[in-house]
Amino acid sequence: MERYNFKIIEEKWQEYWIKKKTFATKIDKNKKKFYCLEMFPYPSGKIHMGHVRNYTIGDVLARYKSLEGYNVLHPMGWDSFGMPAENAARQNKLSPKDWTESNILNMKMQLKRLGLSIDWDREISTCSPDYYKHQQEFFLELYDKGLVYRKEQYVNWDPIDQTVLANEQVIDGKGWRSGAVVERRKLNQWFFNITKFSGELLQGLEGLDQWPNKVKVMQRNWIGKSFGCEVEFKIENSKNIGSISCFTTRPDTLFGMSFLAVSVDHPLSKFYENDEKFKEFKKQCSTTGTTEESIANAEKIGFKTDLIAINPLDNNLKVPVYFANFVLMEYGLGAVFGCPAHDQRDLDFALKYKLKVTTVVSPELDKKNFKVNNKAYTGPGYICNSSFLNGLKCPDDSIIKTIEYLEKEKLGTKKINFRLKDWGVSRQRYWGCPIPIMYDDSGKAHKVPKDMLPVELPNIDRLEPTGNPLDKEVEWKTINFKGKKYLRETDTLDTFVDSSWYFLRFCSPLKKDYGFDFKEAKYWMPVDQYIGGVEHAILHLLYSRFFMQAISYKNNNIDLKEPFKGLFTQGMVCHETYKDLKNNWISPDEIIIKDGKKVLKKDNSIEVKVGSIESMSKSKKNTIDPEKIIDSYGADSVRLFILSDSPPEKDVQWSEEGIISSFKFLQKLWSLHLKILDEIKKKHKKDSGKNLLKFTHKFIKKITVNLNNFSYNVIVANLHEMYSFLSKETENQYTKETLEENYKKILITILPIIPHFSSECLNLLGTNVKVKWPKYDGSIVEEDFVNIVIQINGKKKRPYYNQEKYRRK
RNA sequence: GGGGCGAUGGCGGAAUUGGUAGACGCGUUGGUCUUAGGAACCAAUAUUUUCGGAUGUGAAGGUUCGAGUCCUUUUCGCCCUACCA
């Protein structure tokens, strides 16, 4: 029997789609639009299985929506600025541009081989001046709106990558890429005023009902809104310090205050700069590691000052002021009042320094003498030992009433505090978007005039091993403008800026005078379904939301606030790991399985230890090259398998058995197809029943429902059911018309999953390629019989299935 | 410490709304064909059984005619986040 030749068939359809521009899109006001977007890749050289999964999920949706009659925008581009290009350039002594461009060519070819329904006419690349020109315009637009500023600030400095990192890029005190322990340095930096929209970004999450809850929770926590007030504490001292302000969410516990603690970075520290003991203390604080463990176990330590703070609610209550290692300058005002009875940190501190512990919250109203020992009480209750606050219900009433009182007496102000910090976007790197700023003799910053954009990167063929490459480009750096000499800004923008608006660029990728066309964006935006990894839950997804806010801020042409209506985060692709006896990682290519059990190394037949299943990574050598897999099994098999084993939002395990089984299944579908073609030729006179019709409609319903729920793994199961049903049922006699009509509908419903195969089969049935998603008839789907199960005492006793007397009326 | 998610055969996982638990795949076992099979096809595959059944969705309770699904408590696992005032 003729085998299914995926090589010929897949290539044929891929060429056809490109030649006919099947996926090219234009505005069509008569059609509902659907913008389907997957996170665009960094052009590292080759696609990996993560890409395959991401883009297959997106492609299934795009193809389905298109068959349903939507005008689908499904573009692709390249997040092509970034460190790897610079590193590769240094290693291989070539230019980042050449390296990046050749990677793009290769990966584009690889993506095409997956049979993705992408409108390649809209391809963009962030490292192209055509793209980053508009980014520079946006930078200046935001500058004019007061959303960009420059200031000297302590920054996260990555000593390996030799660049500044955003807070979001520091994980466990280490650089997210290099893994180096991040240092603190004071530098002049450009910032985006993301905190201006803290409230909006938080509020906006409420409306995103098609986002995973997980991501919304993460963003909510990152923005970190807390409600409380600022309280001013008068200071008794010899140093002419008037007062210290603290932010607190628990002003109602003020009567339980027994010390006041400030950060070693607090402005107050300048009074102690010459104090040797303080210096030593400060050093001790900085040596407390940044690892999770060291923070969790770090002892609370303090440095007692000669200052005395006065409780604003009762001037007779006076407490000592400490510098303390657990108070951070980065949060709130860098100063806290300590209430040991109701905060564990404060209690630890108080016990160590033998400070008073006054209980001011009691779990029950009449429970007198409630005492805190070595565990702070943080639960609800009633205020006690607090003069006029006594008896207030805590925390609800007590906090509000106390703030009201403090405001009335002008002792404090109600305040909402956010944890979110402004976004530092300066990077001391070459391969990024130049910041369109120039400095005059006095160092004052000026905008580069719009008609001088883009500020293009100079070509550097060979990068120096360290330092900021642009800083050394004297010729490029120096410019004359209206007879005056200026020096260019030599920092480039964080590459997260590039990806913060690319979804807008896709709406009108060729537009010359602005980053996007308002009319096009109004039609296409927001992205209806965005698909990508959860690792971007806060970084990219928050920045993009900010950018949308920033662009529509003070702009009458666009009022969209949220760029992504729906978000789907897919799981990772995993694989077994292997190690030799010396604990070196071994790649799946290097092993062979003997007798179905023993795992041996191919070249020397030495036994290999099979390790846990881990997400594919180069370091563990458990990656599988998609290109090789496509060579051996074809794109449809790969698509089928990557969708089959697990729900798309969960991790999936790649296995040789799995891909082989998908490949075999496709072969079986092909022989079924040939069998059906035979049956059609037989020209039976009469239908043998309604089974086929009923199955087809049920099948369409199932697939439709499962597509809408992203239950793609179940769809693959449905395909198997379809195979086993049709291989039996087609042995019954059906007329040419019935068989063709139903089979065609089935083929259309499987087109999003295995597009090459399905297109080929439809074509062999003489079907025009322009097909529509079939509708199912609810009355046909309904079962003819009612299953009745007899229960006695709630236990299933006798089921009566499909009996004529229970026919549905 | 705070938060989120989850727990169903040997494994990955099915099961709109409470209504025949274990679809589908992998693996395993048996068979057919074959020089051979790691190919193809057929069959079996939750546990237990005196072959009538009985028991089964991490554990314990509850609601219900009926619970994998709803409620309460609890155990375990994964992920995120962290001295956040």
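Per chain, numbering begins at 1; letters A, B, ... match sequence-line order. All figures in this text were calculated on a predicted structure; none of them were measured in a lab.
Residues passing the side chain to side chain contact (heavy atoms under 4.5 Å, CB included) test with A/Glu731 are A/Lys675, sequence neighbours excluded. The side chain to side chain contact (heavy atoms under 4.5 Å, CB included) test applied to A/Cys246 returns A/Phe233, A/Leu260, A/Ala335, not counting sequence neighbours. Scanning for side chain to side chain contact (heavy atoms under 4.5 Å, CB included) contacts around A/Thr569 gives A/Pro212, A/Val215, A/Val534, A/Leu567, with sequence neighbours left out. Listed by chain and residue number, nothing satisfies the salt bridge (charged side-chain N to carboxylate O under 4.0 Å, His left out) test with A/Lys421 (two or more places apart in sequence, or in another chain). Under the side chain to side chain contact (heavy atoms under 4.5 Å, CB included) criterion, A/Ser662 pairs with A/Leu640, A/Phe641, not counting sequence neighbours.
At the heavy-atom level, A/Val652 lies nowhere under 4.0 Å from the strands shown. Within 4.0 Å (heavy atoms only), A/Val327 reaches at least one base atom of the nucleic acid.
If you check B/rA39, B/rC80, B/rG13 against the side chain of A/Lys650, the one that comes closest is B/rG13. Here B/rA82 is the nucleotide among B/rA85, B/rC83, B/rA82 with the atom lying nearest to any side-chain atom of A/Trp222. Among the nucleotides B/rA85, B/rG13, B/rA82, the one closest to the side chain of A/Pro647 is B/rG13. Here B/rA85 is the nucleotide among B/rA82, B/rA85, B/rA14 with the atom lying nearest to any side-chain atom of A/Val336.
Screening residues 703-713 of chain A for salt bridge (charged side-chain N to carboxylate O under 4.0 Å, His left out), with sequence neighbours left out, gives no hits. Pairs engaging residues 333-345 of chain A under the side-chain hydrogen bond (donor to acceptor under 3.5 Å, both in side chains) rule: A/Asp343-A/Arg345, A/Gln344-A/Asp348 [sequence neighbours left out].
The nearest whole Å value for the distance from the CD1 atom in A/Ile660 to the P atom in B/rG12 is 21 Å. The nearest whole Å value for the distance from the CG atom in A/Asp343 to the C1' atom in B/rA82 is 14 Å. At whole-Å resolution of the value, CG in A/Asn709 and C1' in B/rU17 are 13 Å apart. Summarising the geometry, the separation between CD on A/Glu656 and P on B/rA39 is reported as 13 Å, rounded to the nearest angstrom. Per the geometry, CD belonging to A/Gln667 stands 16 Å off C1' belonging to B/rC41, to the nearest Å. Rounded to an integer number of Å, the gap from CD of A/Glu731 to P of B/rC41 is 14 Å. Atom CG of A/Asp651 is separated from atom C1' of B/rG77 by 14 Å (rounded to the nearest Å). As a whole-Å value, the separation of A/Phe663 CZ from B/rA40 P is 10 Å.
Nearer to the 5' terminus of RNA chain B, by closest-nucleotide assignment, is the contact made by A/Met218 (compared with the other of A/Thr248 and A/Met218).
For the atom pair CD1 of A/Ile399 and CZ of A/Arg250, the computed distance is 5.0 Å after rounding to the nearest 0.5 Å.
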Each nucleotide N or O in nucleotides 22-27 of chain B that has a protein N or O under 3.5 Å away: list the pair and distance.
unit_1, atom_1, unit_2, atom_2, d
B/rA23, O2', A/Glu721, OE2, 2.5

Could you list all N or O pairs between the protein and nucleotides 70-74 of chain B that sit under 3.5 Å apart?
none

Worksheet item: Could you go step by step and tell me if A/Ile753 and A/Val60 meet the side chain to side chain contact (heavy atoms under 4.5 Å, CB included) rule?
Response: CA-CA 6 Å; A/Ile753 310 279; A/Val60 169; 4.1 Å; yes
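Below the 3.5 angstrom threshold, one finds no donor paired with an acceptor across the side chain of A/Lys214 and the base of B/rC79.
Its glycosidic angle being within 90° of 0, B/rG52 falls on the syn side. Here B/rG9 is in the syn range [glycosidic angle within 90° of 0].
Here B/rU28 sits opposite B/rA44 as a Watson-Crick or G-U wobble pair (both hydrogen-bonding atom distances under 3.5 Å). The pairing partner recorded for B/rA59 is B/rU73, the criterion being a Watson-Crick or G-U wobble arrangement whose two distances lie under 3.5 angstrom. When both distances must be under 3.5 Å, the Watson-Crick or G-U wobble mate of B/rC78 is B/rG4.
A/Asn622 places a side-chain N or O within donor-acceptor distance of the main-chain N or O of A/Ser617, the cut-off being under 3.5 Å.
Taking the six-membered ring for Trp, A/Phe323 and A/Phe281 have ring centres at least 6.0 Å apart.
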